[in-house]
Amino acid sequence: MEQGGQLQGAENRPDTGLSTPLKPVPIARAGFLFQIAMNNYTDVAEFILQGFSMDPGFQAFFLTFSSTFYILALAGNTLIFMAISLNPSLHTPMYFFLANLALLDIACISTVLPKMLEGLVGKGNLISYKGCLTQIFFLIWVLGAELLLLSAMAYDRYVAICRPLHYSMLMSRPVCVLLAGSVWVISAINTSVHTGLMARLHFCGPNQIRHFLCEIPALLLLSCSPTTLNKIMAVIADVYFGVVNFLFTMVSYSFIIASILRIRSAEGKRRAFSTCSAHLVVVTLYYSTIIYAYVQPGSGSSLENSKVVTLLYTAVSPTLNPLIYSLRNKDVKVALRKVFSCVC
């Protein structure tokens, strides 16, 4: 730092006409040059979200599409949560987890769609640095919690069908609260780690995110800091939340299907399968989009392809979940009618 101090002194010394100007002293060490370069950059204060298309006709269509899905998802999940909360007959483990899923879907669409709609109506595609990190925090929290919750729901269906005599003990209220609490806490710890690792990075070059939201793979491409640790932790999280939970869910359903096939009566098979078919549809839709979006390489072409996929699990899936569970469930339909009668 002594040489650096001489340079700074030469720049700040007043010109009296009596002193000889100091010549710059070359710095030979590469590490020192890198440190000075890193100390002279200007951090990016805001990012530009690319969106889908600049075509006005497509933007008008996409605005209508996104607004419709946002309203439907918000209304549908709110009604599901109210119906379960206000109806004592639905205070069972299966509907307790379904209420948590509705809350997660509301949080998901509220994290992504309002900012996207703001850009579509022409109020700008800019998002501040802090706003970007905030969106990443809540998005990872919701996505991780939903993957864990789907595994808990699969375990609940496994106990109900494969071990019905022990269901009241294995899925008691304290156990359900513990499972749901673990889902929220584990995902909160995971997103805190990832957001903290993102906060330590520096962004000093291009600030255009090739996505309609702030997402780790797209943001890592813009960093001028080493991102090795971020990528390692992302792979670990992908393996745990995506692969391990997916395998656990599939193993649970393999036991469930095997138990259903052993039921002799056709009516018994139909009733047993109807209790888990809706959840299986949701699992298939959600995992297929999540795995494609996060287990793919972070290249430019894959980011372009993942825009539509990301829209599926952040907007379409939260909209379809209430329909899937309500249309195939008589108890939920009855509870929804009671909610509508109270409101009207």
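Side-chain contact between Thr228 and Lys231 is absent, with no heavy atoms from C-beta onward closer than 4.5 Å. Residues Leu221 and Arg210 have side chains not in contact (no heavy-atom distance under 4.5 Å, counting atoms from C-beta outward). Looking at heavy atoms from C-beta onward, Pro318 lies out of side-chain contact with Phe69 at the 4.5 angstrom threshold. Proximity of Ile109 to Thr314: side-chain heavy atoms (C-beta onward) are nowhere separated by under 4.5 Å. Within the 4.5 Å cutoff, the side chain of Pro93 has heavy atoms near those of the Tyr167 side chain. Two residues are said to be in side-chain contact when any heavy atoms from C-beta on lie closer than 4.5 Å; Val243 and Asp238 fail this criterion. Side-chain contact between Ile216 and Ile136 is present, with at least one heavy-atom pair separated by less than 4.5 Å. Proximity of Phe203 to Leu219: side-chain heavy atoms (C-beta onward) are separated by under 4.5 Å at one or more points.
The salt bridge (charged side-chain N to carboxylate O under 4.0 Å, His left out) search around Arg173 returns none, not counting sequence neighbours. Ser89 is linked by a side-chain contact (heavy atoms from CB on, under 4.5 Å) to Asn87, counting only residues two or more places apart in sequence or in another chain. A search for disulfide bond (SG atoms under 2.5 Å apart) contacts involving Cys108 returns nothing, not counting sequence neighbours. Annotation: side-chain contact (heavy atoms from CB on, under 4.5 Å) contacts of Leu312 (sequence neighbours excluded): Thr289, Val316. Scored by the side chain to side chain donor-acceptor pair (under 3.5 Å) test, Asn77 finds no partners at all (sequence neighbours excluded). Under the side-chain contact (heavy atoms from CB on, under 4.5 Å) criterion, Leu49 pairs with Lys115, Asn125, Ile127, Ile209, Cys214, not counting sequence neighbours.
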Could you pull out every donor-acceptor pair under 3.5 Å between side chains of residues 94-102 and any protein atom, sequence neighbours left out?
unit_1, atom_1, unit_2, atom_2, d
Tyr95, OH, Asn329, OD1, 3.1
Tyr95, OH, Asn329, ND2, 3.0
Tyr95, OH, Asp331, OD2, 3.4
Asn100, OD1, Trp184, NE1, 3.0
Asn100, ND2, Phe96, O, 2.9

Distance-only check: which donor-acceptor pairs under 3.5 Å involve side-chain atoms of residues 142-152, not counting sequence neighbours?
unit_1, atom_1, unit_2, atom_2, d
Ser151, OG, Leu147, O, 3.4
Ser151, OG, Asn245, O, 3.4
Ser151, OG, Asn245, OD1, 2.9
Ser151, OG, Thr249, OG1, 3.4

*Just do the side chain to side chain contact (heavy atoms under 4.5 Å, CB included) check on Asn190 and Phe241 with the steps written out, would you?*
CA-CA 10 Å; Asn190 173 65; Phe241 286 91; 3.4 Å; yes
*Evaluate the criterion side chain to side chain contact (heavy atoms under 4.5 Å, CB included) for residue pair Met116 and Leu113; output intermediate values, then yes/no.*
CA-CA 5 Å; Met116 185 175 65; Leu113 292 187; 3.1 Å; yes
*Tell me, with the steps shown, if Asn230 and Arg200 meet side chain to side chain contact (heavy atoms under 4.5 Å, CB included).*
CA-CA 10 Å; Asn230 297 72; Arg200 72 180 182 88; 3.0 Å; yes
_I'd like to know whether Thr310 forms a side chain to side chain contact (heavy atoms under 4.5 Å, CB included) with Tyr313, so could you lay out the CA-CA distance, the side-chain angles of the two residues, the decisive distance to 0.1 Å, and finally the verdict._
CA-CA 6 Å; Thr310 303; Tyr313 67 77; 3.6 Å; yes
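Atom CG of Leu280 is separated from atom CG of Leu285 by 11.5 Å, given to the nearest 0.5 angstrom. Atom CG of Leu311 and atom CZ of Phe62 lie 4.5 Å apart (nearest 0.5 Å). Rounded to the nearest 0.5 Å, atoms OG (Ser110) and CG (Asp105) are 10.5 Å apart. Taking OG from Ser225 and CG from Leu220, the interatomic distance works out to 10.5 Å, rounded to the nearest 0.5 Å. Going from atom CE of Met171 over to atom NE2 of His166 covers 14.5 Å, rounded to the nearest 0.5 Å.
Contact detail for Val175 and Met169: the closest heavy-atom pair is CG2-O, 4.5 Å. For Pro322 against Ile80, the heavy-atom pair with the smallest separation is CB-CG1, 3.8 Å. Taking every heavy atom of both residues into account, Ile256 and Ala154 meet most closely at CD1-O, 4.1 Å. Contact record, Met250 with Val283: CE-CG1, 4.0 Å, taken as the closest heavy-atom pair.
Chaining together hydrophobic side chains whose heavy atoms lie under 4.5 Å apart leaves Val334 on its own. Counting side-chain heavy-atom gaps under 4.5 Å among Ile, Leu, Val, Met, Phe, Trp and Tyr, the cluster of Leu197 also holds Val193, Leu229, Ile232, Met233, Ile236. Summarising the hydrophobic clusters (Ile, Leu, Val, Met, Phe, Trp, Tyr; side-chain heavy atoms under 4.5 Å, direct or chained), the residues clustered with Ile263 are none. Alongside Ile189, the hydrophobic cluster contains Val185 (criterion: ILVMFWY side chains under 4.5 Å).
At distances below 3.5 Å, at least one donor-acceptor pair connects side-chain atoms of Thr134 with backbone N or O atoms of Lys130. Although no hydrogens or angles enter the test, the distance criterion places no donor-acceptor pair under 3.5 Å between the side chain of Thr319 and the main chain of Leu72. A side-chain donor-acceptor contact under 3.5 Å links Ser254 to the backbone of Val251. Looking only at distances, a side-chain donor or acceptor of His91 sits under 3.5 Å from a matching main-chain atom of Ser85.
Counting non-hydrogen atoms of neighbouring residues, nucleotides and ligands closer than 6.0 angstrom, the CZ atom of Phe255 reaches no more than 12 such neighbours.
Note on ring orientation: taking the six-membered ring where Trp is involved, the planes of Trp141 and Phe137 are perpendicular (angle over 60°, cut-offs 30° and 60°).
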